[in-house]
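In what follows, every heavy atom counts, from backbone to side chain, and hydrogens, waters and symmetry copies are set aside. Chain letters run A, B, ... following the sequence lines, proteins first and then strands; every chain starts at 1.
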Amino acid sequence: MKRDRLMKINDLTWEIPEKYKNCMRVPGRMYLSEELVDIVEEDTYEQVANVACLPGIVKYSLAMPEAHLGYGFPIGGVAGIDIEDGVISPGGVGFDINCGVKTLKTNLTLEDVQGGVEELINRLFSNIPSGVGSESKLKLSHDELDYLLENGLDWALENGYAKQDDVIHCEEEGCITTADANKVSNKAKKRGLSQVGTLGSGNHFLEVQYVDEVIDQDTAEKFGLTKNQIIVMIHTGSRGFGHQVCTDYVKKLEKATKKYNIDIPDKQLACAPFDSKEGQDYFAAMACAANYAWVNRQVIASWVRDVFHNYYGQDTELETLYDVAHNIAKKETHTVNGEKKELIVHRKGATRAFGPNHKELPSSYQETGQPVMIPGNMGAPSYILRGTQFAMENTFGSTCHGAGRKMSRSQAKREYWGETVQKELSKQKIYVKATHGAVIAEEAPGAYKNPDKVVNVAHNLGISKKVVKLKPLGVAKG
DNA sequence: ATGTTC
């Protein structure tokens, strides 16, 4: 990245001045270490500046420490936009609407699973469909799907896939109530009918981990986390359903951008006034995809429970720590220049990180702030952090969602061979089971930035604070 | 991310 256009605010905060582009309404703000500044692509910097041109954006166009190139908005991008005179943009949510992480904490320890991880992962792999276009054991009728889209986790509760505790420990309690299934195309619904309870492909995974290090003892206790405890992380989203919703609405909002004479520097920032018919239709359809993803992760969690119960006994506990979205636009109230404002907060490859005493958090997390899950890569640690007041004041309550790619998928496939990567991971006692070698090559640890360095920026800055460090034992991938 | 090229 060209440093001459960046203004250094402090060691971890960099600003793109408002005057960099004529259309910018606010400055850009990127949270990066010196080292990360050097590896962020020039185009990512441009994307942060472009987002600053959107009508209604307040404070800053933000980029979290993992920032890299995305569709229109950067991955790791956060934008708070005034709902009264601002826009909503599908590019600020991403194609995989409500891609996110659900974390289950077990009552098993490292000792309990030693020697059995390979068998456990194989069982998880064969019980939870994965891969591109994978189909579920669960087939829904059109009416059932419509109900699921508008009711989210309540559908899972009523159909025996969830407990009340799962609903409480899920962002938004697993349902954006303004979802309207009439705003979703039949094409999207057709793709969605057979994919509830499927993992998908790419960076999606199901990982068995253990708590390697307790960093914040007090919060770890409140989260119910202890050293050597076995943890399961589920990373997936709304599959072909959400992808189709995004595709449909990018086209509709490209037209709306022209209709409402909105001047944008990049076609991929297609948007509509939040308050317009097009904006509200997208928001109602996006909510359906968000609800779909919460149900998807919950159904997978339910099958994960079945596998553990069969393998380790019926009394094995797998409680939800939390389920959090990292590709979503949410209606939230934040303080802007001393005034409370209703915003549509776009988080794209960014995790919500609400701090203590936030009314939207369950009572169990009022004191600590919400749990934040940041996966690393197949061969590296993941972290559980907590949300902070600093995040509320500086990032609309957001932090990074992962380490961020360092290499494109195609480049990774040129650099790595799946089976070689698998063998190297095996030497580190990490068992990987995938549909084919290409996915392992694309997801090779070397294709990602060092997660410790990215998480440390978030931690040192204070937009989330480390609670425990997790190490992978085995992973099932699509 | 994605029935990986409308």
Undergrad: What is the distance from OH of A/Tyr71 to P of B/dT4, rounded to the nearest Å?
TA: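 After rounding, the reported distance stands at 17 Å.
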
Undergrad: What about A/Tyr365 and A/His169, are their ring centers closer than 6.0 Å?
TA: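 Under 6.0 Å, so yes.
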
Undergrad: When the distance from NZ of A/Lys251 to P of B/dT2 is rounded to whole Å, what number comes out?
TA: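 Taking atom P of B/dT2 as the reference, NZ of A/Lys251 is at 18 Å.
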
Undergrad: Report the distance from atom CD1 of A/Ile97 to atom P of B/dT2, rounded to the nearest whole Å.
TA: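 After rounding, the gap between these two atoms is 12 Å.
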
Undergrad: Under a 3.5 Å threshold, yes or no: a donor from one side chain and an acceptor from the other, between A/His235 and A/His401?
TA: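 The criterion, which ignores hydrogens and geometry beyond distance, is not satisfied for A/His401 and A/His235.
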
Undergrad: Whole-Å distance between B/dT4 C1' and A/Glu443 CD?
TA: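 My rounded result for the distance is 14 Å.
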
Undergrad: Is the shortest side-chain N/O distance from A/Arg239 to OP1 or OP2 of B/dT2 below 4.0 Å?
TA: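 Yes, within the criterion.
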
Undergrad: Quick one: A/Lys187 NZ to B/dC6 P, roughly how many Å, whole number?
TA: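 Roughly 8 Å, once rounded to whole Å.
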
Undergrad: In terms of side-chain heavy atoms, does A/Asn456 have a donor or acceptor partner in A/Lys466 at a distance below 3.5 Å?
TA: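 Yes, A/Lys466 and A/Asn456 have a side-chain donor paired with an acceptor closer than 3.5 Å.
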
Undergrad: Can you check the A/His436 NE2 to B/dT4 P distance for me, whole Å?
TA: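 Value for this atom pair: 13 Å.
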
Undergrad: Any side-chain heavy atom of A/Cys271 sitting closer than 4.5 Å to one from A/Ile264?
TA: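 With C-beta onward as the side chain, the pair touches.
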
Undergrad: Between A/Arg405 and A/Val132, name the one whose nearest nucleotide on DNA chain B is closer to the 5' end.
TA: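 Closest to the 5' end, via its nearest nucleotide, is A/Arg405.
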
Undergrad: Please classify the nucleic acid contact of A/Thr247 as base, sugar-phosphate, or nothing, using heavy-atom distances under 4.0 Å.
TA: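 Answer is nothing: A/Thr247 stays at 4.0 Å or more from every strand.
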
Undergrad: To the nearest Å, how far apart are A/Glu442 CD and B/dT2 P?
TA: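 So the two atoms are 11 Å apart, to the nearest Å.
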
Undergrad: Within this structure, what is the CG-to-P distance between A/Asp96 and B/dT4, rounded to whole angstrom?
TA: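 A/Asp96 atom CG is separated from B/dT4 atom P by 15 Å.
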
Undergrad: Heavy atoms only, 4.0 Å cut-off, all strands: where does A/Gln195 land among base, sugar-phosphate and nothing?
TA: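 The residue A/Gln195 makes sugar-phosphate contact but no base contact.
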
